[in-house]
Structure formats: structure tokens, C-alpha cells
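These notes are about the structure you will find just below.
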Amino acid sequence: MISPDQYPTIANQLLTWFTQNKRPLPWRTDYAPYHVWVSEIMLQQTQMERGVTYFNRWMQMLPDVTAVAEAHEDDLLKLWEGLGYYSRVRNLHKAAKIIATEHDGIFPETYSDIRALPGIGEYTAGAIASIAFNQDVICVDANVERVFARLFDIDTPVKQKQNMEFIRKTATEMLPSGRAREFNQALMELGALVCSKKPHCARCPLQENCEAFHLEIPQERPVPIAKKGIKHIDVATGFLMHNGKIYIQKRPEFGVWAGFWELPGGSVEEGETPEEAVVREFMEETEFPVQIKDKILVVKHGYTTYRVTMHCYFLTFAKEHTAEPVLHAATAYQWVNMKELDAVTLPAGHRKLLDHLQTDLRLIPLLENS
Ligand code: SF4
């Protein structure tokens, strides 16, 4: 068992390793609080390489907090499109407005003020306080959890309350005062680059003290928790064409994909065909009587624990009808051409569908007429 006497040695090994091996990331040049904040929010649920591309594009358009505060939400969603988990960007917007109005546009420094901002939990507040302001606060993400689970051979699921308390307490004791910026990043970087899911113990600076390494069980740590079941669902949607335009509507400001533009549609119910489902969904959501002109394609995509099979159709009005819907599942609607449709922010599945459509030679004449 590692004793507290060994903590300073471990911390030094980590700091030396970080100095020599850290990746040159754009927010590591000046550690400006705004840069650290945006990077931390973007990197939740996002691969580093992808995060850096989005970060650089974001900073070109929005160089400071005030620019975010003054931006239109649709523009922020467009910049975020493809990163998923859109509540993150909505919270960035809300937090930027609070910083602009309540903190004179200057990012707050104290842990409690940072933690009070929308979208900032315990981890992110610790990351900003330590990385941007070098305050003696720890931050524990999945990488840190994995390193500690192996270093201390934690033999129960790491998320269990007592394990999380142990990791936080031990990391706090190990943290060298005045070095939080490097220490926290070193732990996370080690978890990302060396003590990754498949660990590279041969090049790890902590090997001599690592319990899992000596027991030859790094791959068995952290102990996994039982996985939630994956749900498979079929949904049906369609392009309703009228006078050369396509119907889209705006989702409500709550729930999944809140505020996004979309094609109407929904789940295929038991005993129903996808064709019947899309006709029913249009009637329920818009009171439009529609009929199927053509089946376009089937798109598969996943989000959270869902695996979605989306059946898509070209639709026309089933009988003479006004172009004005009665909205039951939306807050607004538009009739758009393809170019305009390309410019709006769509849920991931619909965006994938549109990308398919634009490369399908069969469909190009139809779309060009829209
Ligand atoms: Fe992880 Fe291996 Fe290093 Fe232990 S020795 S901390 S298991 S990489």
C-alpha cells in the first residue's frame, strides 16, 4: 500500500513527466480563463483532436466572453454543431451573459463564483480554478479516476462514493502547494496518454509505486460497473415538399435537441409500418394530411443509450391543403429550399440524412427543384 510519505515523490515524478511530455494545446499558451473554460466545456464527451479544431474555430469567431454574451444562440449552436450535448453551449451562453453583466466581463476567480455559473460542476470549477488561476484545488475526471484506481489498486467500481472520496482526499494530500495548474494537468495527461484504457506501463513515470502494475492487473482496473442496456428504436420522418420548398419546424425549448429545427416525425409504434408512422406523425404534429411519394433511405445513428434506425420519405399533401400547419410539437415553422435547410442547425440524425441526400445522384434533380 502506498503511504503518504511517498506522495511527494509521486507528485514530483508526475510534474517532471508533464514538463517533458505535455501536448502543445492552444489554451496552454497563456492559460487565459476564457480559453480554459471553453476548452473544458468542449472537451467533455469530445476527443482531443476534434476539440482543438472546434476550439480554434470558436476563438476565431468569438475572441472573448463579451462576444459570446452578445452572440445569437443560433450562431453558437451552428459553431457547436457536431459536438453533441447541446446543453453545454446553451450554458456557455448563459454563463457568458452573467459574466458580462455581474462580473464586468471578467471571468470570476473564486471557486464558489466559478461553480455558481451555469454548466459548471465540481470538476469544471476545479479545473478552471487550478488551470486558469493556479489555485490549490484538485479536479478529478475519468482519466484521474483510472490512474488512481490502478495506482492504489481500487478493487470496486471507482464511482462508488467511498472510492470517489478516497481519490479526492488523496489527490488533495498529494497536490504540491502552488503547483495545481501543472499537477492536475499532469494527472489528466498521464491518464490520456500513458495510463489509458490500454495502459503503457513501460513508459510510465509512476511504475515503481503502482500497485496494479506490481500485481500485473492494470487491465483489470478500474473495475467496471454493469452497463446500461442499449435501446433500439425505429423512427420515421420525411421531407414534405410543397411549391418547391421543404417544411421544417422548431422544437420546444426543453427536452432533447431543444430549440433545433427538424423534420416532423417520431417513433414507429408497435404494429405500425414506418410509412404509417410518418403519415400519423405529420397529422399529430402539424395537422397536415400527407402521402408518401417515395422512400428515400434508411439512416442509422446513435445518441446516449439509443440506437436509432430512421426511415425517411419524400411526402406531398394527400389533398389540397393550406401551407399553414397547426403546431402541436413545435414553436415555429418555415418552408425552406435546400440551401436554406443546409444553413440551419439540425439534430445529428437529420444532419446525417441531409448529408446522404446531397450525395445521392438519384435525388439531386428533386432537390435542385426544391
Ligand atoms: Fe497506469 Fe501502468 Fe503507470 Fe500504473 S504503471 S499508473 S497502470 S500506466
Side-chain angles (χ1 to χ4, degrees), residues 1-25 27-28 39-40 43-52 122-124 126-127 129-131 134 136-227:
M1 181 74 186
I2 299 170
S3 79
D5 297 349
Q6 292 163 276
Y7 293 173
T9 306
I10 294 172
N12 276 332
Q13 288 166 334
L14 269 169
L15 291 170
T16 305
W17 176 85
F18 183 64
T19 305
Q20 294 164 354
N21 294 281
K22 66 183 169 193
R23 289 169 288 184
L25 302 172
W27 49 91
R28 282 182 178 160
S39 72
E40 285 297 334
L43 289 174
Q44 293 163 13
Q45 320 282 347
T46 305
Q47 299 276 344
M48 180 62 83
E49 206 178 317
R50 193 171 167 77
V52 168
E122 188 176 36
Y123 160 77
T124 309
S130 60
I131 298 171
N134 201 23
D136 282 347
V137 183
I138 49 123
C139 56
V140 176
D141 71 351
N143 284 318
V144 178
E145 288 166 16
R146 186 168 54 254
V147 172
F148 272 80
R150 289 170 174 166
L151 200 55
F152 290 88
D153 183 31
I154 297 173
D155 61 4
T156 49
V158 76
K159 289 281 186 205
Q160 283 182 2
K161 194 168 171 242
Q162 77 274 14
N163 291 335
M164 291 305 293
E165 282 170 1
F166 168 79
I167 292 172
R168 294 191 65 79
K169 178 174 169 292
T170 310
T172 303
E173 288 169 12
M174 205 181 271
L175 168 67
S177 185
R179 303 294 305 275
R181 171 178 290 155
E182 288 87 7
F183 178 77
N184 283 343
Q185 289 189 93
L187 269 174
M188 293 190 277
E189 196 86 330
L190 188 82
L193 301 182
V194 177
C195 194
S196 42
K197 272 187 190 158
K198 186 166 178 266
H200 305 283
C201 301
R203 53 185 167 89
C204 179
L206 308 185
Q207 196 193 81
E208 66 175 284
N209 288 307
C210 179
E211 293 181 20
F213 173 77
H214 290 300
L215 293 166
E216 299 181 7
I217 53 167
Q219 298 264 36
E220 292 166 38
R221 301 286 177 267
V223 173
I225 44 171
K227 277 197 176 161

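Atoms within each ligand, like the ligands themselves, are counted from 1 in listed order. Keep in mind that the numbers below use all heavy atoms, side chains included, and drop hydrogens, waters and symmetry copies.
Within the 4.0 Å heavy-atom criterion, both parts of Cys201, backbone and side chain, lie near ligand 1.
The contact set between ligand 1 and Pro218, taken as ligand atoms under 4.0 Å from a residue heavy atom, comprises 7 (S). The ligand atoms of ligand 1 that sit less than 4.0 angstrom from a heavy atom of Gln207 are 5 (S). For ligand 1, the atoms lying closer than 4.0 Å to a non-hydrogen atom of Cys204 are 3 (Fe), 5 (S), 6 (S), 8 (S).
The line from CD of Gln185 to SG of Cys139 is 8.5 Å long, rounded to the nearest 0.5 Å.
Note on Cys195: not counted as a metal contact of atom 3 (Fe) of ligand 1, no N/O/S atom lying under 2.8 Å.
Residues Leu215 and Glu220 are not in side-chain contact: their nearest non-hydrogen atoms beyond the backbone lie 4.5 Å or more apart.
Judged by distance alone, the side chain of Arg146 and the main-chain N or O of Gly191 form a donor-acceptor pair under 3.5 Å.
Taking only non-hydrogen atoms, the option from Cys210, Gly191, Ser196, Ala212 nearest to atom 5 (S) of ligand 1 is Cys210.
Lys159 has a carboxylate O that lies under 4.0 Å from a charged side-chain N of Glu145, or vice versa, which qualifies the two as a salt bridge.
The number of heavy atoms from other shown groups lying within 6.0 Å of CD (Gln47) does not exceed 12.
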